[in-house]
Amino acid sequence: MEQLKLKGQSAIITGADSGIGKGVALAMAAAGAKITVNYAHNGDAAQELVDEIKASGGEAIAVQADVSKEHDVQNMFSKHLDAFGYLDILVNNAGLQKDAAFVDMTLEDWNTVIDVNLTGQFLCSREAAKLFIKQGIREGVSRAAGKIICMSSVHEVIPWAGHVNYAASKGGISLFMKSVAQELAPHKIRVTGIGPGAIQTPINKDAWETPEALNKLLTLIPYKRIGKTEDIGLLATWLASDEADYITGTTIFIDGGMTLYPGFVDNG
Ligand code: NAD
């Protein structure tokens, strides 16, 4: 029988009570990892996911933390260590949008998105890196001393009018991820990005909930289907596994071709 890809490992997944984070938590738990399901507000949804993971024979806890608050993040890492004793994987998934025309964008809209989407990844990654360096390589568990996965977006490279704060946060994640990867590689810590295209979750409900909206969205997707959270779960699990041991400092786009400039398909 094939060995589970993340057997004996444990992961913190931020914003795991919904959407992509939930898909990643289910996939990593199915691959043998013990999971901290982080949530900001919806404790019931987080507990339901914990129960689902346990019902399938996995191990998980739910931990409340606002990833943009230093104290909350440190507390989340302590709770994870109290429960599982070590950490192998961090998935920086928590994110949000506060959309507005550029000239109407308030400082609060700007700050909220940068605080959660970018500063949240900094705070969580810093705690994880300190821990990974202290732990070192756990022989027989993984070839790396730790893995950090940063949930980015196709808007790491595709400009997005009306979403300037969001696109800036994702563009920021790109060089954040690469710089941290460069700095931590000698410690045998791998840092990678995932750049989803359109994945069916609550964050982009307006873009898929009616047939008209979905058809419009599909004009941007050469592969002609919307992504599922399972697509991201499988990629994140593989990226965290030893099968991806030589991958660090790069974003993998998982977008049905959204970054292929589909507007040029019939000669622009
Ligand atoms: P979602 O709204 O279902 O999930 C976002 C999660 O982040 C929620 O659990 C939310 O509670 C959590 N969150 C928000 N603020 C938080 C905070 N301060 N602290 C902790 N958690 C917080 O949306 P999703 O689509 O699953 O988004 C997950 C990630 O994927 C985000 O980073 C998003 O930018 C990225 N992404 C999504 C898509 C897509 O098409 N759905 C595409 C590209 C990138």
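This one's a predicted model, so the numbers in the text were calculated from it and none came from an experiment. Counting starts at 1 for both ligands and their atoms, in listed order. Computed over heavy atoms, backbone and side chain alike; hydrogens, waters and symmetry mates excluded.
- Between the side chain of His163 and the main chain of Ala161, a donor-acceptor pair closer than 3.5 Å is present.
- Atoms of ligand 1 found under 4.0 Å from any heavy atom of Ala65 (numbered from 1 in listed order, with element): 19 (N), 20 (C).
- Remark: minimum distance from atom 24 (P) of ligand 1 to any protein heavy atom is reached at Thr201 OG1, 3.5 Å.
- Salt-bridge check for Asp245 with Lys147: failed, with every basic side-chain N at 4.0 Å or more from each acidic carboxylate O.
- Lys5 and Glu243 are joined by a salt bridge, as a carboxylate oxygen and a charged side-chain nitrogen come within less than 4.0 angstrom of each other.
- If you check which protein heavy atom lies closest to atom 2 (O) of ligand 1, you get Ile203 CB, 3.8 Å.
- For the pair Ser68 and ligand 1, the shortest N or O to N or O distance does not fall below 3.5 Å.
- Contact annotation for Gln97 and ligand 1: no heavy atom of the residue comes within less than 4.0 Å of the ligand.
- For atom 6 (C) of ligand 1, the closest non-hydrogen atom of the protein is Gly15 O, 3.6 Å.
- If you check which protein heavy atom lies closest to atom 42 (C) of ligand 1, you get Gly197 O, 2.9 Å.
- Shown in contact with Gly19 at under 4.0 Å from a heavy atom are these atoms of ligand 1, numbered in order with element: 3 (O), 26 (O).
- Using a 4.0 Å cut-off between a side-chain N of Lys or Arg and a carboxylate O of Asp or Glu, Asp66 and Lys69 qualify as a salt bridge.
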Check the pair Ser78, Asn75 against side-chain hydrogen bond (donor to acceptor under 3.5 Å, both in side chains), reporting the backbone distance first and the verdict last. CA-CA 5 Å; Ser78 308; Asn75 180 51; 5.2 Å; no

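- The residue among Met76, Met151, Lys22 with a heavy atom at the shortest distance from atom 30 (O) of ligand 1 is Met151.
- Considering Asn117, Asp66, Asp115 only, the shortest heavy-atom separation from atom 17 (C) of ligand 1 involves Asp66.
- Within the 4.0 Å heavy-atom criterion, the part of Asn204 lying near ligand 1 is the side chain and not the backbone.
- Asp242 contributes a side-chain N or O that, together with a main-chain N or O of Arg143, makes up a donor-acceptor pair within less than 3.5 Å.
- Interface of Pro202 with ligand 1, defined as ligand atoms under 4.0 Å from a residue heavy atom, comprises 3 (O).
- Among all non-hydrogen protein atoms, the one lying nearest atom 10 (C) of ligand 1 is Asp17 OD1, 4.5 Å.
- Under 3.5 Å, the side chains of Asn117 and Ser169 contain a donor-acceptor pair of N or O atoms.
- Under a 3.5 Å cut-off, the side chain of Asp255 and the backbone N or O of Pro196 do not form any donor-acceptor pair.
- Among all protein heavy atoms, the one lying closest to atom 32 (O) of ligand 1 is Asn93 O, 2.8 Å.
- Grouping the Ile, Leu, Val, Met, Phe, Trp and Tyr side chains by contacts below 4.5 angstrom, directly or via other members, places Leu87 with Leu184.
- Atom 1 (P) of ligand 1 has Ser18 OG, 3.7 Å as its closest protein atom, hydrogens excluded (heavy atom only).
- The backbone and the side chain of Ile20 each have at least one atom closer than 4.0 Å to an atom of ligand 1 (non-hydrogen atoms only).
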Could you go through the side-chain hydrogen bond (donor to acceptor under 3.5 Å, both in side chains) check for Gln200 and Trp208 one step at a time? CA-CA 7 Å; Gln200 191 167 0; Trp208 51 261; 6.0 Å; no

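- Judged purely by atom type and a 3.5 angstrom limit, Arg190 uses its side chain to pair as donor or acceptor with the backbone of Leu239.
- Trp160 and His155 have parallel rings, their planes meeting at less than 30° on a 0 to 90° scale where 60° marks the start of perpendicular.
- Separating the CG atom in Asp17 from the CG atom in Asn38 is a distance of 7.5 Å, to the nearest 0.5 Å.
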Could you please spell out the steps behind the side-chain hydrogen bond (donor to acceptor under 3.5 Å, both in side chains) verdict for Asn92 and Ser125? CA-CA 8 Å; Asn92 283 315; Ser125 301; 2.9 Å; yes

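- At a heavy-atom cutoff of 4.0 Å, ligand 1 is contacted by the side chain of Tyr166 but not by its backbone.
- Counting heavy atoms closer than 4.0 Å to ligand 1, residue Val154 contributes nothing at all.
- Proximity of Val67 to ligand 1, defined as any heavy-atom pair under 4.0 Å, is shared by backbone and side chain alike.
- Heavy atoms of His41 stay at 4.0 angstrom or farther from ligand 1.
- Ala94 CB, 3.9 Å is the protein heavy atom nearest to atom 13 (N) of ligand 1.
- Across Ala198, Ser152, Gly95, heavy-atom proximity to atom 44 (C) of ligand 1 is greatest for Ser152.
- Not one N or O of Leu96 is nearer than 3.5 Å to an N or O of ligand 1, by distance alone.
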